[in-house]
Asks: 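The structure that follows is given in the form of structure tokens.
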Amino acid sequence: MPFTHLPNELVYRVAEFLPPQDINSLRQTNQRFAALLSVGIVNITCQQKDRDWCMKLVTFYAGKGNVHIVRRILERAAETIKYEIDPTVLEGFVRSEKDENLFLTLHAAGAKINGKYGPFEERPIHWAVEQGRLKILRVILDDAEADVNCMTSYGYPPLVLAITSRQEEAVRMLLTDPRVTGTMGGIRKEGALHLAAAEGNVNVVRMLLEDSRYKNFRGMDDNGSPLLHAVKRGRTEVVQLLLEDDRPDLGNFASENGLGLLHESAKRGYVNIVKIFLDHGRVDVNQQDIWGSTAFGLSFFYRKADVLTLLLKDPRVEVHAHDPDVDYREEPNVGESLLHHAARDGDCSVKLTIALLEDSQRRFNVNQLDSQGRTPLHLAAYNGGLNLLKVLVWGSGVNINVVDARGQTALHVACKTGNSYAVRILLTHPDMDVNAGRHSDGRPLLAQRLTWEVRAAIEDFFEMRRRGLDPRTLI
């Protein structure tokens, strides 16, 4: 007798000894087997404790919205599926599955939504807000017993996770629930507003500011206030929004090193934020941190030329050549200007030098002498910054023939270092006098021992002058 003609009882008996994949193949043979084994495959699979096929059946019937069969599988195969122990089961339905009805069917079938799953003690509400599963989140929030402020093992409540995941709609839904609080969480005890400000999410920050639960947001976490978080991350729009609120107290918002808001934005080069603070009027532009640094000094130290230019345009900003961030030596060189300090760094400080030279108040003299009689040009010639030399020689009004305490001009210094390119740049100055100054042994420049490259550069200079040509063509 063919197998397809066997009585139902015998077919079912045989199916009990078959693996789930073979039973599934039988179901697809004809309508009789499909009707006979649709329920049987569930019972047999649960009895055989095949976890993969149990999960396939759960997924299949959850997709069909069959709450009754899903409940039966969860009850009869509880020890096989172990969804309360293995977080990947429920987490997969929330994170991976695009169809949110799968999890909703599981929930209707009795899956626990308040259970803590996995090593991070996460719950379905955490996964829902991270992935923006709004239907699932709505069902959880409608449950009166749901813990909407539950923490993960790393201290993040659902609201904070929604903010860090940039799920605005999830944040809006959570804020409509009166049970949600602005609990500080995380390793650094960040609050909701702190993280929203750091993420630069203007809409979320606006929602939190308008919520009565966040009436007072002066709370400091381990990294400071919400405004300081926004400044550190360069969130210009958030900074502007927070400053428009009448609650911030700018004087109290400092980091662990005593850096103020202007300090933090200046050293990071956030020009737009620096401008906001300068225009705001409530910031002390000359405030010092615990190390004695000012915002101007930090912008110079970190080579933020655009910020430096902006600060120089503000008449309130005080400029000191020996701020701790400008001159960190124990015995500063008296007489040095900021141009001297910039020249020490060569081409790294070209933009800074240009900013100082273009100062509208003309506070920086390009010909100022330090205690050894050197100008910034002497230091630039020694360090070999060619682009910096071009700026000083061609566009600063420098006195090219200044002699230092050793009797050397900048040309002497460049020749001594053997930098023929620096020598050629210096020789392009129209007032250059190669006979100015003397070496320490009293001999003029041309009587010194020079490298052949340097001597060739000087000879080319004289040849160009004899022909009446512009020496700049040598560069």
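Just so it is clear, the structure is predicted and the values come from calculations on it, not from any experiment.
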Asks: Knowing that exactly one of L161, T164, L159 qualifies, which makes a side chain to side chain contact (heavy atoms under 4.5 Å, CB included) with L195?
Replies: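 Only one of L161, T164, L159 forms a side chain to side chain contact (heavy atoms under 4.5 Å, CB included) with L195, namely T164.
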Asks: Give a yes or no on whether the backbone of A196 and the side-chain of N201 come within a donor-acceptor separation of less than 3.5 Å.
Replies: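 Pair absent, no side-chain N/O of N201 close to backbone of A196.
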Asks: So, H263 side chain and G260 main chain: donor-acceptor pair closer than 3.5 Å or not?
Replies: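 Looks like yes, one N/O pair under 3.5 Å.
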Asks: Indicate the atoms forming the closest heavy-atom contact of E145 with D143, along with that distance.
Replies: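 It is N-OD1, 2.9 Å.
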Asks: With a sphere of 6.0 Å drawn around CZ of R362, does it hold more than 12 non-hydrogen atoms of other residues, nucleotides or ligands?
Replies: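 Open: at most 12 neighbouring heavy atoms sit under 6.0 Å from CZ of R362.
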Asks: Are the side chain of N387 and the backbone of V350 linked by a donor-acceptor contact shorter than 3.5 Å?
Replies: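 A pair under 3.5 Å: no.
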Asks: Would you say that R206 contacts V202 through its side chain, given a criterion of any heavy-atom pair below 4.5 Å between the two side chains?
Replies: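 Counting from C-beta outward, R206 and V202 do come under 4.5 Å.
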Asks: Using a 4.5 Å cut-off on heavy atoms from C-beta on, say whether the side chain of Q131 contacts that of I136.
Replies: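 I136 does not reach Q131 side chain to side chain.
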Asks: Which atoms form the tightest heavy-atom contact between V129 and P158, and what is the distance?
Replies: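 Scanning both residues completely, I find the closest heavy atoms to be CG2-O, 3.6 Å.
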Asks: How long is the gap from CG on L356 to CG on L308, to the nearest 0.5 Å?
Replies: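 With rounding to 0.5 Å, CG (L356) is 5.5 Å from CG (L308).
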Asks: Check I125 against V148 and note the closest heavy-atom contact, atom names and distance.
Replies: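 Closest heavy-atom pair between I125 and V148: CD1-CA, 4.1 Å.
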Asks: Before you tell me yes or no, could you show the steps for Y270 and T236 under side-chain contact (heavy atoms from CB on, under 4.5 Å), namely the whole-Å CA-CA distance, both residues' side-chain angles and the distance that decides it to 0.1 Å?
Replies: CA-CA 8 Å; Y270 298 145; T236 305; over 6 Å; no
Asks: If you round to the nearest 0.5 Å, how far is CE of M207 from CG of L193?
Replies: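 So the gap between those two atoms works out to 11.5 Å.
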Asks: T309 and K313: side-chain contact (heavy atoms from CB on, under 4.5 Å), yes or no, with the steps?
Replies: CA-CA 7 Å; T309 301; K313 293 179 181 179; 3.9 Å; yes
Asks: Which heavy atom of L386 sits nearest a heavy atom of A422, and at what distance?
Replies: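 In terms of heavy atoms, the two residues are closest at CD2-N, 3.7 Å.
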Asks: Heavy-atom distance under 4.5 Å between the side chains of P376 and L379, does that happen here?
Replies: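 They are not in side-chain contact.
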Asks: Indicate yes or no for a side-chain donor-acceptor contact from N286 to the backbone of R316 under 3.5 Å, with no hydrogens or angles considered.
Replies: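 Yes, the answer is positive, given that a donor and an acceptor are paired below the 3.5 Å cut-off.
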Asks: Within the side chain of R268, is there an N or O that forms a donor-acceptor pair under 3.5 Å with the backbone of G234?
Replies: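 Flag not set: sc R268 to bb G234 has no pair under 3.5 Å.
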Asks: Keeping H280 on the side-chain end and K275 on the backbone end, is there a donor-acceptor pair under 3.5 Å?
Replies: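 No.
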Asks: For L208 and L175, what are the C-alpha separation, side-chain angles and deciding distance, and is it a side-chain contact (heavy atoms from CB on, under 4.5 Å)?
Replies: CA-CA 8 Å; L208 294 174; L175 290 178; 4.1 Å; yes
Asks: Working to the nearest 0.5 Å, report the span between CG of L339 and CG of N365.
Replies: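 It is 8.5 Å, given to the nearest 0.5 Å.
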Asks: Is the shortest side-chain heavy-atom distance between L312 and V317 below 4.5 Å?
Replies: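 Not touching, per the 4.5 Å side-chain cut-off.
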Asks: Taking the side chain as every heavy atom from C-beta outward, state whether L377 and L389 have any pair of such atoms under 4.5 Å apart.
Replies: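 The answer is yes; the side chains approach within 4.5 Å.
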Asks: Within the distance-only criterion (no hydrogens, no angle test), does the side chain of T152 pair as donor or acceptor with the backbone N or O of Y156 below 3.5 angstrom?
Replies: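 Yes; at least one donor-acceptor contact below 3.5 Å.
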Asks: Kindly indicate whether the side chain of V307, heavy atoms from C-beta on, has any atom under 4.5 Å from the side chain of F296.
Replies: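 The answer is no; the side chains never approach within 4.5 Å.
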Asks: Just so I know, are the side chains of F300 and H341 near enough to count as touching, which here means a heavy-atom distance under 4.5 Å?
Replies: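 F300 vs H341: side chains touch.
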Asks: I354 vs E358, test: side-chain contact (heavy atoms from CB on, under 4.5 Å). Steps then yes/no.
Replies: CA-CA 6 Å; I354 294 175; E358 293 178 351; 3.4 Å; yes
Asks: Hey, is the main chain of L227 close enough, under 3.5 Å, to the side chain of R235 for a donor-acceptor pair?
Replies: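 Not confirmed, R235 side chain does not pair with L227 backbone.
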Asks: Under the 3.5 angstrom rule, does the side chain of H340 hit a backbone N or O of Q368 as a donor-acceptor pair?
Replies: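 Pair found, side chain donor or acceptor close to backbone of Q368.
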Asks: Does atom CZ (F364) have a neighbourhood of more than 12 heavy atoms from anything else shown, all under 6.0 Å?
Replies: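 It does: F364 CZ has more than 12 such atoms within range.
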Asks: From L228 CG over to L242 CG, what is the distance, rounded to the nearest 0.5 angstrom?
Replies: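 Taking CG in L228 and CG in L242, the distance rounds to 11.0 Å.
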Asks: Could you tell me which non-hydrogen atom of V393 sits nearest to which non-hydrogen atom of I425, and how far apart they are?
Replies: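 Scanning both residues, the minimum pair turns out to be CG1-O, 3.7 Å.
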Asks: Supply the atom-to-atom distance M173 CE to E168 CD, rounded to the nearest 0.5 angstrom.
Replies: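 The distance works out to 14.0 Å.
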Asks: So how far is it from L311 CG to K304 NZ, rounded to the nearest 0.5 Å?
Replies: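 Interatomic distance, L311 CG to K304 NZ, rounded to 0.5 Å: 13.5 Å.
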Asks: Tell me if a side-chain donor or acceptor on N383 pairs with a main-chain N or O of G385 at a distance below 3.5 Å.
Replies: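 No; zero donor-acceptor contacts below 3.5 Å.
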Asks: Do you know which two heavy atoms are closest between A295 and L262, and how far apart they sit?
Replies: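 Heavy atoms of A295 and L262 come nearest at CB-CG, 3.7 Å.
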Asks: Within a strict 4.5 Å, meaning less than it, do heavy atoms of the D147 and R123 side chains meet?
Replies: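 Counting from C-beta outward, D147 and R123 do come under 4.5 Å.
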